[in-house]
Amino acid sequence: MTIRPHPALTMNDALRFDTLAFLALYLLIAAASLFLRLLPLDLTGTGWPGPDLLLCLTMGWLLRRPAHLPAPVIAGVFLVEDLLTLRPPGLWALLVLGGTEFLRRRQSVVREINLALEWTMVAGVIVAMTLANRLVLAIVMVPQPPLDLSLMKLAFTLAAYPVVVLVLHFVLRVRKPATGEVDDLGRKL
Amino acid sequence: MPNDRLNEADYVRPVRRLVLGVLIVVFGALFLLWRIDSPRVERFRTAFVDAVVPNMDWAMAPVTRASRMIEDFRSYARIYEQNQELRRELQQMRAWREAALQLEQRNAQLLDLAQVRLDPQLTHVTGVVMADAGSPYRKSVLINVGARDGIVDGWAVMDGLGMAGRIAGVGQRSSRVILLTDSNSRVPVSLQPSGQRALLSGDNGPVPVLEFIESPDDVRPGDRVVSASDGGVFPPGLLVGEVVQGTDRRLRVRLAADYGRLDFLRVLRSRPAERIEHSGSLLRPVDATGMPLDPETGAPAGQIQPAPLHDDPPTPGADNE
């Protein structure tokens with residue numbers, strides 16, 4: 001038996017039940033990722049920066065179901081990440097917000113293209129965000145991580161994106177809406 | 001693309017833009033504020049971390065424990081490697097130890113050649129071991145020097161390297177040496193780096209036991225053991241051996257003297273240290289009968305108390321009465 005919201009509640013489509021459930025799932029994954037990063041273990045152990053999986057997840061999710069992730073949620077998650085991982089607070093969250101909004105605007109385009117093209121587009125956005133980050137930090141003269149390390153992190157992040165998309169598709173069941181798919185209210189997605 | 005806005009009500013777009021604009025302004029302002037007034041924002045960050053992270057303690061504890069178990073397991077997996085490494089190191093250490101022992105022996109031989117005396121008061125008489133008074137319960141040897149050569153009971157006996165025992169029983173031409181391993185042998189020793197005093201008591205085994213150590217925690221196997229002059233029995237500073245720990249966890253001494261080849265033994269003529277028993281004779285001269293003399297006049301000053309207990313010092317005029 002599927003839980004259907006009362007018809008009176010469905011006027012506000014932002015509060016649809018499955019949207020909230022997916023939002024909660026996203027928040028849970030984000031919290032777990034932060035938690036794992038805060039644990040006093042060195043999971044990498046090699047001194048290499050790992051990929052920014054949370055960013056990949058956010059972008060892949062956003063391009064599939066933008067309604068699940070409202071901008072304030074993304075902004076809040078990345079601001080918390082900024083605060084907890086001792087980055088300059090606000091800057092990376094601002095850039096992620098800009099990048100995700102850019103992708104959100106182009107969601108209807110991405111819906112039509114295949115994974116390779118989508119990957120290229122996301123890669124372009126992430127590279128632009130990284131460059132902007134370094135540029136702003138250089139302008140305000142904040143000490144930055146070494147260039148090779150941040151390039152390595154960028155490469156890992158870009159390489160991880162298709163994997164994250166596959167996980168989204170097959171494990172979390174977050175998929176692009178098929179043509180003609182409708183939501184609970186029978187409206188086109 | 002008109003169709004992606006179909007589901008939105010009319011008011012959604014402006015609200016979304018407004019929220020987005022506010023967020024952008026807030027984040028930009030936060031970053032600039034952090035750049036301008038870093039301590040204040042860092043304090044906020046600290047407060048935030050303080051509020052968030054301890055709440056995750058309950059979750060962190062099992063995870064860290066699990067990871068530590070994994071780490072332990074990994075170290076078990078490496079145990080063979082570690083064992084090999086330790087063996088290699090042990091081999092090297094053995095080589096060093098051998099070298100050190102040889103150097104010690106050589107040093108003792110050179111000291112012997114140069115006739116370096118440990119104490120200028122100390123001379124020695126060398127005797128040949130005549131008999132090994134072999135019984136399982138007595139560890140002693142007989143040497144061919146005796147009262148004729150001026151041997152006195154209680155003198156220390158050494159072989160080339162370290163102390164072997166002491167004289168216990170002097171005959172006219174021979175004397176008996178009771179070895180340190182004898183069960184009746186009790187010798188005061190001092191443990192070298194820590195400077196602790198202990199009693200070396202033989203138990204008929206090859207490695208005698210250290211007893212009455214003041215604080216055994218300060219003693220480690222490998223410490224040097226030298227003789228101590230406690231009780232005036234032995235001259236201090238003769239090498240006895242090194243501390244080892246037996247299988248019964250007791251501290252024992254591996255003797256420096258080579259008990260397997262006791263051919264020549266050296267009896268150290270130790271002059272008994274002067275004993276100071278009358279405190280008064282240190283402070284003022286005494287005559288032959290032990291009567292204290294007045295230091296200025298040299299006359300007997302019997303009526304004066306040696307140690308005045310009251311505060312005012314005795315005047316010289318009072319002494320002459």
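So that the names make sense, note that chain A is the first sequence line, chain B the second, and so on, each numbered from 1.
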Where on A/L83 is there a heavy atom nearer than 4.5 Å to chain B: the side chain, the backbone, both, or neither?
both

Over 12 non-hydrogen atoms of neighbours within 6.0 angstrom of CZ in B/R220:
no

Does any heavy atom of chain B fall under 4.5 Å from the side chain of A/L137, the backbone, both, or neither of them?
side chain

Toward chain B, the part of A/R106 with a non-hydrogen atom under 4.5 Å:
neither

Atom pair CG (B/L23) and CD1 (A/I74), whose distance is rounded to the nearest 0.5 Å:
10.5 Å

Has B/R16 got a side-chain atom pairing as donor or acceptor with A/A71's backbone, closer than 3.5 angstrom?
no

How close do A/P89 and B/V41 get, counting heavy atoms only, and between which atoms?
CG-CG1, 3.7 Å

Could you go through the side chain to side chain contact (heavy atoms under 4.5 Å, CB included) check for A/L91 and B/W34 one step at a time?
CA-CA 10 Å; A/L91 178 60; B/W34 173 78; over 6 Å; no

Working to the nearest 0.5 angstrom, can you tell me the gap between A/E101 CD and B/I24 CD1?
7.5 Å

Using 0.5 Å steps for rounding, measure from the CG atom of A/L84 to the CZ atom of B/R45.
9.0 Å

Run the side chain to side chain contact (heavy atoms under 4.5 Å, CB included) test on A/L79 and B/F27 for me, step by step, so that the C-alpha distance in whole Å, both residues' side-chain angles and the decisive distance to 0.1 Å come before the verdict.
CA-CA 8 Å; A/L79 182 65; B/F27 283 4; 3.8 Å; yes

List the atom of A/V140, the atom of B/R35, and the distance in Å for their closest heavy-atom pair.
O-NE, 2.6 Å

